[in-house]
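Below is one structure, written out as structure tokens; the observations come after it.
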Amino acid sequence: MTRVRVSSVTFEHHREAFGIGEPAPRLSWTVVTDISGWRQAGYEIELSDGATTDRGNAASSGTATGRVESAESVLVPWPGAPLGSRERRGVRVRVHGTDGSASDWSPWSWAETGLLHPSDWQASATAPPSTLLGTPDGPALLLRRDFTLHGPIARARLYITAHGLYEAELNGRTIGDDVLAPGWTSYHHRLPYRTHDVTALLREGPNTLAATLADGWYRGRTFDRTNLYGARTALIAQLEITHPDGTTTVVTTDGEWRCATGPITATGLYDGEKHDARLHPQGWSEPGFDDREWLPADTLPHDPALLVAPTGPPVRRTETLAPKEVLTSPSGKTILDFGQNLAGRLRIRVQGPAGHTVSLRHAEVLEQGELALRPLRGAAALDEYTLRGDPGPETWEPRFTTHGFRYAQLGNWPGELRPGDVVAVVCHTDLRATGTFECSDPLLNRLHDNVRWSMRGNYVGLPTDCPQRDERVGWTGDLQVFAPAAAFLYDCAGPLSSWLADLAADQGAHGTVPPFVPWPPRYAAEHADPAWAGPAAAWGDAAVLVPWTLYQRTGDLGLLESQYASMQAWVEQIATLTRGHLWDEGFQYGDWLDPAAPPDQPGRARTDPALVATAYHARSATVLAETAALLGRPGDAARYAELAENVRAAFRREFVTPSGRLACDTQTAYALALSFDLVEQRERAGRRLVELVEADGHRIGTGFVGTPLICDALCSAGAYDTAYELLTQRECPSWLYPVTMGATTVWERWDSLLPDGTVNPGEMTSFNHYALGAVADFLHRTVAGLAPAAPGYRRLLVRPRPGGGLTHARARHDTPYGPAAVSWSSDGETLTVTAIVPPGTTALVDLPNLAEREVAAGTHTFSAPL
Ligand code: BGC
């Protein structure tokens with residue numbers, strides 16, 4: 001039996017490599033072996049001919065590399081000719097170890113390209129006539145087209161997207177399991193389409209392609225604006241059927257489509273959906289339906305050059321939760337408690353008379369036993385279902401909306417509520433979970449769970465700030481601080497590379513990195529006011545720091561290459577705004593939500609915004625210099641390194657006293673100075689930071705900017721105990737205070753719920769915001785001790801720093817080279833650490849009271865005196 005096995009091969013960062021947009025997808029594989037110290041000496045890649053083989057079956061061999069002497073196994077260049085549109089290839093890999101071992105061939109992995117060239121698209125945009133469109137967030141519209149297939153079907157693919165949100169059907173069957181497709185991107189620059197294998201849904205003879213179309217982000221409301229990308233929604237679809245004789249039939253969105261209103265009388269992402277089941281035209285998406293009363297669709301021009309294949313998985317339903325409790329509120333309302341704050345919607349099973357309307361209202365928290373609706377601001381979060389009056393139960397789930405909620409109030413429920421009648425359906429980008437953390441403190445474990453739930457709640461195709469109120473946009477700063485934690489918990493490089501492409505596109509059009517991405521053209525036009533849309537530190541720095549984080553965690557240099565112009569443009573722009581390298585002018589969010597800021601002035605932090613901005617400018621210039629060096633641009637590397645040095649010097653001149661005190665005596669100022677290497681007197685600065693944290697009674701004093709840095713800053717000053725005191729603090733403000741208050745997600749504010757149980761009076765009070773959960777990265781790297789020492793975890797840093805009375809901790813992460821793990825336990829005298837180092841990697845092991853050592857792949861256990 002061979003002791004070396006290659007796991008299945010993956011393409012780029014795709015979870016599912018179907019309908020991909022890369023003609024030469026880079027390949028990655030992991031090796032499973034029990035041979036300690038295993039390292040790859042070489043690999044062989046074989047590509048199948050593809051076109052005639054079925055998924056999973058062995059294929060006749062086309063291109064083969066022969067043995068390539070290389071240790072690379074992550075994002076290895078595509079070895080064959082670039083693929084054309086609609087091409088399918090199987091790939092398998094065999095590896096050879098430096099010890100002479102060899103694996104068998106891996107199973108075949110398959111990839112299929114979508115439509116790679118604008119000229120592949122024949123479809124026009126089919127738009128419901130204006131007379132059917134309501135005001136934005138009005139009715140969802142039905143579109144249908146009959147067609148006849150004169151011959152058997154060998155294979156069929158549907159390429160589909162929309163201006164708006166769509167759900168498509170073929171012959172009455174729903175196509176795919178996407179939710180809120182096509183997601184939200186910078187539609188005027190990049191509109192993702194999806195590829196579906198619909199072979200099994202078609203038949204010879206009459207067929208019907210149909211879709212329901214809603215306004216969504218395209219035309220519906222974001223904040224208080226509508227028609228963000230256009231006033232007309234439209235479907236863009238191209239169904240390509242290949243017959244056994246090789247001929248094809250193509251059915252597209254064109255002038256042959258017919259439209260009508262349907263059962264969804266209103267739907268919006270903020271306000272919810274209203275569905276009158278009596279208005280459902282029976283059989284409307286099947287052949288034989290009489291649509292003579294329906295109106296012909298318009299065809300609108302669209303630019304096929306904007307259509308892109310997705311780089312990550314779609315939004316899907318990922319879990320359902322039953323209510324934990326049915327409550328009766330003081331005013332007599334029926335409220336379901338799902339025990340978990342989540343993003344998604346309800347699915348109901350209800351029986352009653354025709355025309356009876358049930359209402360479902362959502363909220364994250366209760367106040368005095370009633371739904372707390374104020375934090376939703378202008379989002380009604382109200383779904384309504386009007387019954388058809390079937391003799392049996394009717395099942396319904398809204399389709400074009402999503403809510404952030406833990407509680408749901410049922411209105412007008414007919415009869416008794418039975419178990420299973422209402423479930424919560426969790427919806428988010430269907431990311432692959434890649435990281436876990438657990439330790440001996442249940443409160444820290446709950447904090448970590450809360451971070452994971454907040455990530456789930458805020459990945460709706462794009463990374464958003466919150467899922468509940470009338471906001472839910474891709475605030476750049478929130479992701480900038482959270483990206484390291486995100487990249488550990490989930491494989492998010494694919495979806496985030498799409499978001500970064502949007503950032504670059506919107507940056508180019510807007511002239512600076514917009515405060516949130518996508519940044520709709522209407523905002524660009526209306527918000528010339530720099531206080532809303534000007535360059536802001538820590539937010540705009542997402543352009544540089546998010547790609548950098550992803551590179552550190554995945555080793556994907558290609559991503560840095562793609563983003564380089566955007567990274568560079570940001571740093572260059574800020575360089576023109578500084579005076580003597582100090583960025584002290586213009587609007588800043590600063591250390592947003594400093595706990596001392598008044599509830600209605602979240603930007604009134606104690607730390608000078610100019611200090612924050614200059615520190616970030618130095619950081620981004622440093623990262624840009626390193627990026628330029630990696631990408632083989634030595635001129636740029638030298639220029640940006642010099643810029644970074646100049647900014648650092650300016651920072652010191654302006655903000656650091658000769659003895660190492662900072663002009664702002666705040667936790668955030670010291671956290672920035674230590675983390676971004678801006679202060680030479682590190683020992684003094686570290687000591688002052690400890691003093692400040694102690695003076696605050698070990699309560700957190702940082703906002704969005706200082707929070708991800710402070711624990712690391714303390715540890716870098718050797719103050720591990722202080723970092724643990726801060727981490728395990730339960731009094732408000734602290735990371736664990738919300739946990740003691742029953743939080744099941746990370747809150748936007750340290751005190752979104754005040755100690756007396758009332759909701760913070762600030763109008764901006766979400767209970768599902770991941771930014772302050774950035775500390776999860778510290779849990780992984782320092783509490784458990786699993787960190788990358790080289791990009792992509794090619795070298796691991798095993799450096800747990802036990803403390804805080806913890807007796808054990810462990811973390812696991814699926815690195816690009818395979819699963820890595822660190823676990824430790826302590827009996828008070830001895831620390832025992834086990835590390836799993838993936839094949840092809842090494843680890844630097846740095847334990848207290850033990851000499852540093854380098855270990856090879858395999859499982860290692862160490863003991864150290866405490
Ligand atoms: C969002 C934040 C965001 C901030 C910037 C808020 O309304 O929810 O998370 O970063 O605005 O000002």
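Atoms within each ligand, like the ligands themselves, are counted from 1 in listed order. Just so you know, these numbers use all the heavy atoms, side chains as well, and skip hydrogens, waters and symmetry mates. This chain uses plain numbering: 1 for the first residue, then up along the sequence. Since the structure is predicted, the reported quantities are computational estimates derived from the model, not experimental observations.
For Tyr770, there are no side-chain hydrogen bond (donor to acceptor under 3.5 Å, both in side chains) partners, not counting sequence neighbours. Scanning for ring-ring contact (aromatic ring centres under 6.0 Å, His included) contacts around His769 gives an empty result, with sequence neighbours left out.
Side-chain contact of Thr744 with Arg406: a donor-acceptor pair under 3.5 Å is absent, judged by distance alone. Using modelled atom types, one finds a donor on one side chain and an acceptor on the other under 3.5 Å when comparing Asn458 with Thr464.
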Name each N or O atom in ligand 1 that is under 3.5 Å from a protein N or O, and give the partner atom and the distance.
unit_1: ligand 1; atom_1: 7 (O); unit_2: Arg469; atom_2: NH2; d: 3.4
unit_1: ligand 1; atom_1: 7 (O); unit_2: Glu471; atom_2: OE1; d: 3.2
unit_1: ligand 1; atom_1: 7 (O); unit_2: Glu471; atom_2: OE2; d: 2.6
unit_1: ligand 1; atom_1: 8 (O); unit_2: Asp465; atom_2: OD2; d: 2.7
unit_1: ligand 1; atom_1: 8 (O); unit_2: Arg469; atom_2: NH2; d: 2.8
unit_1: ligand 1; atom_1: 8 (O); unit_2: Glu471; atom_2: OE2; d: 3.4
unit_1: ligand 1; atom_1: 8 (O); unit_2: Glu748; atom_2: OE2; d: 3.4
unit_1: ligand 1; atom_1: 8 (O); unit_2: His769; atom_2: NE2; d: 2.9
unit_1: ligand 1; atom_1: 9 (O); unit_2: Asp478; atom_2: OD1; d: 3.3
unit_1: ligand 1; atom_1: 9 (O); unit_2: Asp478; atom_2: OD2; d: 2.5
unit_1: ligand 1; atom_1: 9 (O); unit_2: His769; atom_2: NE2; d: 2.9
unit_1: ligand 1; atom_1: 10 (O); unit_2: Asp478; atom_2: OD1; d: 2.5
unit_1: ligand 1; atom_1: 10 (O); unit_2: Trp539; atom_2: NE1; d: 3.0

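Here side-chain hydrogen bond (donor to acceptor under 3.5 Å, both in side chains) pairs that include residues 729-743, with residues two or more places apart or in two chains, number zero.
Using a 4.5 Å cut-off on side-chain heavy atoms (C-beta onward), Pro313 and Thr429 make contact.
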